[in-house]
Amino acid sequence: TGVGNGVIIEGVFASDGSVLSPSFFFFFNDAAVDWELTLNGTSTLANKVVVKRSNASPGLGVLATNSISLGNNTNWVGLVEPPAFTWTGAVNNNFNVAGNWYGGVVPTTTSDVYFKDYFSVDCTINANINVKSISIDTNYNKTITQSGAFTINVGVGGWTQNGGTFVGGSGAITIANANFVLAGGDFTSTSGTLSVNGGSWTSNSGTPTFNANSGTVYIRQPFNTAIT
């Protein structure tokens with residue numbers, strides 16, 4: 001029950017969401033407006049929801065252990081915030097749109113970029129990008145696509161892929177003085193040139209798949225770790 005921006009829950013506050021498909025609790029149309037929650041019962045929301053701008057101070061604490069906070073939440077217990085530069089795909093699928101990133105800023109050369117399971121939205125790299133690192137979670141189950149000849153430069157943090165699918169275009173991909181780790185998911189390289197300059201190359205046998213896509217793969221010196 002409730003009126004205006006308010007919701008009152010007398011019984012059990014539950015959700016049929018999950019880690020891979022959470023329920024989202026925002027104000028209508030994700031407007032920059034706080035909404036009030038009064039919980040007079042209990043909550044069973046661990047690992048199930050994503051919450052934004054919720055003021056639950058009038059009632060009991062809302063237990064939502066390891067669920068996701070997108071900021072401005074009061075009297076929620078156990079929420080965790082995603083790191084800055086986590087892909088949300090809130091606006092569209094384009095990498096170079098600020099509103100698609102947690103924190104509202106497009107990643108730059110100093111940014112560690114994250115693709116997390118709780119924001120499983122496809123991403124299109126629709127511009128030349130230069131970032132510190134790219135990390136793809138095990139349960140991120142969508143596709144990251146390098147569009148056309150746009151280039152990808154990854155710095156000292158390297159490329160770590162534990163899940164998801166990467167599909168290369170024709171532009172150069174450069175991992176500069178860092179590691180390339182393919183521990184899960186699928187990686188289809190660019191049809192141009194993939195360069196791993198130093199660091200190490202790890203592509204685990206079994207589940208992950210590496211496809212050279214008829215392109216060129218350079219592993220350049222200094223190279224101190226065996227290919228596995």
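Hydrogens, waters and symmetry mates are skipped; everything else that's a heavy atom, side chains included, is used.
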Discussion item. Check D137 with K116, please: is the shortest side-chain N to carboxylate O separation under 4.0 Å?
Written reply: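 A salt bridge links K116 with D137.
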Would you indicate whether the side-chain heavy atoms of [Y] and [X] approach each other to under 4.5 Å?
X: V49; Y: P22; result: no
X: N179; Y: W201; result: no
X: V131; Y: N153; result: no
X: Y102; Y: F85; result: no

Discussion item. Within a 6.0 Å radius of atom NZ on K48, are there more than 12 heavy atoms belonging to other residues, nucleotides or ligands?
Written reply: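 For K48, atom NZ is crowded (more than 12 foreign heavy atoms under 6.0 Å).
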Do side-chain atoms of [X] reach the backbone of [Y] as a donor and acceptor pair under 3.5 angstrom?
X: Y140; Y: Y114; result: no
X: T86; Y: P83; result: yes
X: Q161; Y: D186; result: yes
X: T108; Y: N130; result: no
X: S111; Y: V113; result: no
X: N40; Y: E10; result: no
X: T190; Y: I173; result: no
X: S170; Y: G148; result: yes
X: N177; Y: V156; result: no

In terms of side-chain heavy atoms, does [X] have a donor or acceptor partner in [Y] at a distance below 3.5 Å?
X: T188; Y: N213; result: no
X: S54; Y: W76; result: yes
X: N126; Y: N96; result: yes
X: N100; Y: T88; result: no

Discussion item. With clusters defined by side-chain heavy atoms of hydrophobic residues (ILVMFWY) lying less than 4.5 Å apart, directly or transitively, does F115 cluster with F210?
Written reply: yes
Worksheet item: Going through the checks in order, is the side chain to side chain contact (heavy atoms under 4.5 Å, CB included) test met by Y218 and T193?
Response: CA-CA 7 Å; Y218 283 118; T193 300; 3.4 Å; yes
Discussion item. Check for me whether the distance between the ring centres of F24 and Y118 falls short of 6.0 Å.
Written reply: no
Item to complete: Would you check if the distance from the ring center of W35 to the ring center of F26 is below 6.0 Å?
Response: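 For W35 and F26, the ring centres are not under 6.0 Å apart.
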